[in-house]
Amino acid sequence: MADAWPEWMGRAFSEPRMEPYRDACGGDAAQALRLYWWNVEACAALYGPLHCLELALRNALNTVLTEHYGRADWWEAAPLNAQGMRLVAKARAKCAGRRRRGRGPVGTDSVVAELSFGFWAALLSSGSGYDRTFWVPVVHKAFPHYGGRRDTLYDALGSLVLLRNRVMHHEPVHTRHLAADHAKIYRLLGYLSPALVPEARAMDRFPSVLRHRGATCDGSRRPRF
C-alpha cells in the first residue's frame, strides 16, 4: 500500500500533482517528496540557460526579419499562417491592455517581447510553406554558425519549447534526458551567438544540480539525492 503524504502536502500541492512522483518512486511518499524538491531545483537551474536561449532566438529572428521586410512591424507584411497571426493578435491585445491601464505605449518592441518562444521556433517549421517563405530567404541568417538542415534545428528548438513550458508551469521534468537537453541549449546558443555561451555557463549551476540527483526513481530503485 502506498505511503501516506504529510497532511500539509495535500493542502499545499494537491494529491493529483504529487501522485506521478510517488508512482515514479514505487509508492514511497518520502522519496517522492525528495524527487519533487529536486525537480523544483532542476527547473530553477534550467531557467537561466533557457532565458538566454529564448531571448537570443527572439532578438536574432526579429533583427533579420525587420531587415528583410524593411519595417519594425514585419509581421504585418510577412506570410504568417493562421496560428502565427493569432499569436500576434494576442500579443498586441496584451500590450493594448497594459496601455489602457496606464502602463506604457504599445510599440513594436512590446509586441516582440510578448510573442512566445513557441511562436519564434515555429518560424523554422515547414508548416504553410514556412521553409520556403521564411527559412530559405531570411530565417537561416539568424543562425550564422549553423550549416545543417532546417528540420534538425526545428526539432531541437521544439523539444526545448516543451522543456521551457514545463519549467515555467511547474511541471515534472525529471523524466526527460536533462543532460541532453542542457547540452542542446548550449549547442543552439552557439549557432546564434558563440560569445554568449561562456557568459551563460558562468552563471549556470545545472551541472551541479544534476550531479546531486543520484539514481533515477523507476519503481525498482530508490533515488539517492
Side-chain angles (χ1 to χ4, degrees), residues 43-69 71-81 83-88 90-92 94-95 107-128 130-169 173 176 178 180-204 206:
C43 287
L46 286 165
Y47 176 85
L50 285 168
H51 165 100
C52 293
L53 177 61
E54 183 169 353
L55 290 185
L57 178 71
R58 174 203 299 172
N59 290 317
L61 288 171
N62 185 59
T63 295
V64 298
L65 287 162
T66 297
E67 292 173 351
H68 182 76
Y69 288 102
R71 52 192 295 178
D73 60 346
W74 56 264
W75 48 84
E76 299 293 344
L80 291 171
N81 61 19
Q83 175 64 3
M85 290 188 290
R86 280 194 294 269
L87 291 174
V88 169
K90 181 179 178 181
R92 294 178 67 177
K94 290 179 72 173
C95 293
T108 54
D109 288 345
S110 297
V111 175
V112 167
E114 283 293 341
L115 291 169
S116 68
F117 192 10
F119 170 86
W120 298 105
L123 297 180
L124 280 74
S125 76
S126 59
S128 298
Y130 272 12
D131 50 345
R132 295 292 179 184
T133 56
F134 280 123
W135 176 256
V136 173
V138 56
V139 164
H140 73 276
K141 298 175 184 177
F143 302 89
H145 305 280
Y146 180 70
R149 293 168 53 96
R150 175 206 53 79
D151 55 352
T152 301
L153 193 59
Y154 173 66
D155 289 345
L157 279 170
S159 173
L160 292 177
V161 168
L162 294 177
L163 174 63
R164 180 265 186 206
N165 289 343
R166 284 193 162 273
V167 166
M168 298 305 293
H169 292 98
V173 299
R176 293 180 62 104
L178 292 176
D181 286 330
H182 185 253
K184 193 181 300 179
I185 291 170
Y186 281 100
R187 188 163 63 251
L188 291 170
L189 276 178
Y191 300 150
L192 291 160
S193 174
L196 178 55
V197 171
E199 294 295 324
R201 288 193 185 278
M203 60 83 194
D204 186 358
F206 180 75

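Because the structure is a prediction, the values reported are computed rather than measured.
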Determine, stepwise, if the pair Ser126 / Arg132 fulfils side-chain contact (heavy atoms from CB on, under 4.5 Å).
CA-CA 8 Å; Ser126 59; Arg132 295 292 179 184; over 6 Å; no
Salt bridge (Lys or Arg N to Asp or Glu O under 4.0 Å): which pairs involve residues 55-67, sequence neighbours left out?
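Residue pairs passing salt bridge (Lys or Arg N to Asp or Glu O under 4.0 Å), neighbours aside: none found.
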Sort and list the pairs that fulfil salt bridge (Lys or Arg N to Asp or Glu O under 4.0 Å) and have at least one residue in residues 157-167, not counting sequence neighbours.
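Every pair satisfying salt bridge (Lys or Arg N to Asp or Glu O under 4.0 Å) with a residue in residues 157-167: Glu54-Arg164.
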Mind listing the closest non-hydrogen atom pair of [X] and [Y] along with its distance?
{"X": "Tyr186", "Y": "Pro49", "answer": "OH-CG, 3.9 Å"}
{"X": "Val111", "Y": "Cys95", "answer": "N-SG, 3.8 Å"}
{"X": "Val138", "Y": "Val64", "answer": "CG2-O, 3.4 Å"}
{"X": "Met203", "Y": "Gly48", "answer": "CE-C, 3.4 Å"}
{"X": "Thr66", "Y": "Ala72", "answer": "CG2-CA, 4.0 Å"}
{"X": "Trp120", "Y": "Leu115", "answer": "NE1-O, 3.3 Å"}

Between Leu53 and Leu192, does a side-chain contact (heavy atoms from CB on, under 4.5 Å) hold up when you go through it step by step?
CA-CA 9 Å; Leu53 177 61; Leu192 291 160; 3.9 Å; yes
Check whether any side-chain heavy atom of [X] sits under 4.5 Å from a side-chain heavy atom of [Y], and report yes or no.
{"X": "Phe143", "Y": "Leu57", "result": "yes"}
{"X": "Leu46", "Y": "Leu178", "result": "yes"}
{"X": "Leu80", "Y": "Leu123", "result": "yes"}
{"X": "Phe206", "Y": "Asp181", "result": "no"}

Would the distance check show the side chain of [X] and the main-chain N or O of [Y] forming a donor-acceptor pair, the cut-off being under 3.5 Å?
{"X": "Tyr146", "Y": "Leu188", "answer": "no"}
{"X": "His169", "Y": "Asn165", "answer": "yes"}
{"X": "His140", "Y": "Val136", "answer": "yes"}
{"X": "Asp204", "Y": "Ala200", "answer": "no"}
{"X": "Ser128", "Y": "Tyr130", "answer": "no"}

Partners of [X] by side-chain hydrogen bond (donor to acceptor under 3.5 Å, both in side chains), sequence neighbours excluded?
{"X": "Ser159", "answer": "Arg176, Lys184"}
{"X": "Asp151", "answer": "Arg149"}
{"X": "Arg71", "answer": "Asp73"}
{"X": "Tyr154", "answer": "none"}

Measuring from atom [atom1] of [X] to atom [atom2] of [Y], what distance do you get when rounded to the nearest 0.5 angstrom?
{"X": "Ile185", "Y": "Arg201", "atom1": "CD1", "atom2": "CZ", "answer": "10.0 Å"}
{"X": "Leu163", "Y": "Cys43", "atom1": "CG", "atom2": "SG", "answer": "7.5 Å"}
{"X": "Ser125", "Y": "Leu153", "atom1": "OG", "atom2": "CG", "answer": "12.0 Å"}
{"X": "Leu124", "Y": "Asp131", "atom1": "CG", "atom2": "CG", "answer": "10.5 Å"}
{"X": "Phe117", "Y": "Leu162", "atom1": "CZ", "atom2": "CG", "answer": "10.0 Å"}
{"X": "Leu55", "Y": "Ser193", "atom1": "CG", "atom2": "OG", "answer": "12.0 Å"}

No-hydrogen, no-angle side-chain donor-acceptor test under 3.5 Å, Asn62 and Trp74:
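Their side chains do contain a donor-acceptor pair, which is all the 3.5 Å distance test asks for.
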Taking Val88 as the fixed residue, which of Arg86, Arg92, Met85, Lys90 is the one that meets the side chain to side chain contact (heavy atoms under 4.5 Å, CB included) rule?
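Between Val88 and the candidates, side chain to side chain contact (heavy atoms under 4.5 Å, CB included) is satisfied uniquely by Arg92.
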Is the distance between the ring centroids of His145 and Tyr191 under 6.0 Å?
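Distance test on ring centres: not under 6.0 Å, no.
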